[in-house]
Amino acid sequence: MEKDIKTVLDILHLAKSVIDLCEKDKRRRRQQQTAFKCPLRELLLGDEETFRAFHSMSTLSFRKLLRILRARLERQDSQITGSVPAELPKKRIKDIVAETLSSIVKRLKRTFLEIPRTEEQWLSIARDFQEMWNFPHCLGAVDGHHIAFRSKTITDASYSNYRQFKSIIMLALVDAQHRFLYVDASCKGGAEDAFTDSPLFDAMESNWLNIPPESNLPGLEEELPHVILADQGFHLQPWLMKPYETSEAQTMVKKVFNYRLNRAHRVVGNALGIMSNRFRAIQTELELEEVSQITNLVKATSILHNFLISEEREEYLHGLETEDIDFMALIPGDWRANNFLMGLAPLSDRLDDCENVARSVRDGFTTYFSSTGAVP
């Protein structure tokens, strides 16, 4: 019971109308001449520092979010007011969690988690990656994270991952400013290649998203496609770049390519790390009755992540993973101190025509980074 209550507060930060219920209960219990104490009210009405420590957002952001969601969260049944008294049955708490998650997704998804669908929108993202991370033609960075769960009803062995616990894979595409463009949590943890089975892969392959056409980079004769960046947990594609294997990256030009790609790709690791550190359920072992419960959880937390970047960017993104340029060393993000992210298992290269084309594209970027695209 205590864990479920904490989930409502910690994950959602939307203890909607807790104060109101406390006041109602106070009045009711005063009439009964019994004392009533509401520690949650103190947490909600405390000073700004206490509030932020408990809710991971400012009171201003909280109230703005609450205004947006209030209409959906107010229920006809006055007993479900969004507050969480200790005597509330466990099933009721789960209903409140599900209701709040659903409200966040329905009200805020179009504003805070909508994948681009026009060339100009994609080109705007590409300009950000060029200016902020020195990687041209980049439409986003993609990565995967295993979300652990336990269940008495889900017995399918294909949910068991390469570390032998049940999980669902969260896939995320992130822009240059650490905002989620797309998330998915539908693939079983034991899948060998989660990305190839995802809707995003199909959309990229079929160009349903109006990806900009190939174009020249300064100083190169050949045209290069716009790409997304990944790590070794993904297969190389003409539109998906990943680093050279260590055994291949023996020349300086390939090492430079790996450095430039890894530097730009870091935005997705930072985004997942910050989000899972603020919304802790993403990195705990969830208790599930059905897999669909994770879908809205992942979407809702991703939406709240983007919302907080828009409202209080500097405070929310404090402690990002960066690098010491002088010593060429990675400075771990603050989120790593209380975080465990389990990525996708490395995939071996495929020797087919698609991979050959992808290798040619990667070589094109490699040439650019060591010629006209070199950074002083």
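Heavy atoms from other residues, nucleotides or ligands lying under 6.0 Å from CD of E314 number 12 at most.
Linking Ile, Leu, Val, Met, Phe, Trp and Tyr residues whenever their side-chain heavy atoms come within less than 4.5 Å leaves W208 and L181 in two separate clusters. No continuous path of ILVMFWY side-chain contacts below 4.5 Å connects L224 to F129, so the two sit in separate hydrophobic clusters. In terms of hydrophobic clustering, with Ile, Leu, Val, Met, Phe, Trp and Tyr side chains grouped at heavy-atom distances under 4.5 Å, I331 and L317 are assigned to different clusters. In the hydrophobic clustering of ILVMFWY residues, with side-chain heavy atoms under 4.5 Å counting as a link, L200 and L236 come out apart. Residues V174 and L320 are members of one and the same hydrophobic cluster, defined by side-chain heavy-atom contacts under 4.5 angstrom among Ile, Leu, Val, Met, Phe, Trp and Tyr.
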Audit row: R280, Q283, side-chain contact (heavy atoms from CB on, under 4.5 Å) steps and yes/no: CA-CA 6 Å; R280 308 281 299 176; Q283 60 170 314; 3.2 Å; yes
- prompt: Yes or no on side-chain hydrogen bond (donor to acceptor under 3.5 Å, both in side chains) for E245 and S247, after CA distance, side-chain angles and deciding distance?
  reply: CA-CA 5 Å; E245 297 278 359; S247 58; 5.6 Å; no
message: Working note: E248 + K255, criterion salt bridge (Lys or Arg N to Asp or Glu O under 4.0 Å); need CA distance, chi angles, decisive distance, verdict.
response: CA-CA 9 Å; E248 288 184 90; K255 290 179 180 178; over 6 Å; no
query: What do the steps show when you test S276 against L341 for side-chain contact (heavy atoms from CB on, under 4.5 Å), and what is the final call?
result: CA-CA 8 Å; S276 62; L341 289 178; 3.7 Å; yes
- request: Given side-chain hydrogen bond (donor to acceptor under 3.5 Å, both in side chains), test T118 with Q121 step by step and report yes or no.
  value: CA-CA 5 Å; T118 68; Q121 288 175 322; 3.2 Å; yes
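The side-chain heavy atoms of L229 and L240, taken from C-beta on, include no pair separated by under 4.5 Å.
The main-chain N or O of E290 is found under 3.5 Å from a side-chain atom of Q293 such that the two form a donor-acceptor pair. A side-chain donor-acceptor contact under 3.5 Å links Q250 to the backbone of T246. Under a 3.5 Å cut-off, the side chain of S151 and the backbone N or O of T153 do form a donor-acceptor pair. Put simply, the side chain of Q232 never gets that close to the backbone of L347: no donor and acceptor are under 3.5 Å apart. No donor-acceptor pair under 3.5 Å is formed between the side chain of D143 and the backbone N or O of V268. The backbone N or O of S160 sits nowhere less than 3.5 Å from a side-chain atom of Q164 that would complete a donor-acceptor pair. Of the possible polar contacts, none joining the W122 side chain to the C138 backbone as a donor-acceptor pair under 3.5 Å is found.
Residues in residues 260-269 take part in these side-chain hydrogen bond (donor to acceptor under 3.5 Å, both in side chains) pairs, two or more places apart or across chains: R263-E323. Listed by first and then second residue, the side-chain hydrogen bond (donor to acceptor under 3.5 Å, both in side chains) pairs that reach into residues 365-376 are Y244-T366, sequence neighbours excluded. Screening residues 168-187 for salt bridge (Lys or Arg N to Asp or Glu O under 4.0 Å), with sequence neighbours left out, gives D175-R179. Annotation: side-chain hydrogen bond (donor to acceptor under 3.5 Å, both in side chains) contacts involving residues 210-219, sequence neighbours excluded, comprise H137-S215.
The ring of F307 has its center closer than 6.0 angstrom to the ring center of F112. For F149 and Y159, the ring centers are positioned less than 6.0 Å apart. Residues F135 and F369 bring their aromatic ring centres within 6.0 Å.
Classification of K64 and E312 as a salt-bridged pair fails, no side-chain N sitting under 4.0 Å from a carboxylate O. With respect to the salt-bridge test (charged N to carboxylate O, under 4.0 angstrom), the residues R127 and E120 qualify.
Looking at residues two or more places apart in sequence or on another chain, you find a side chain to side chain donor-acceptor pair (under 3.5 Å) between N161 and S167. With sequence neighbours excluded, no residue forms a salt bridge (Lys or Arg N to Asp or Glu O under 4.0 Å) with E222.
Residues A148 and F165 come closest through the heavy atom pair CB-CE1, 3.6 Å.
Of the inter-residue distances, the one linking R362 atom CZ with F365 atom CZ reads 12.0 Å to the nearest 0.5 angstrom.
Checking H178, H305, E311 one by one against Y316, the side-chain hydrogen bond (donor to acceptor under 3.5 Å, both in side chains) holds for a single residue, H305.
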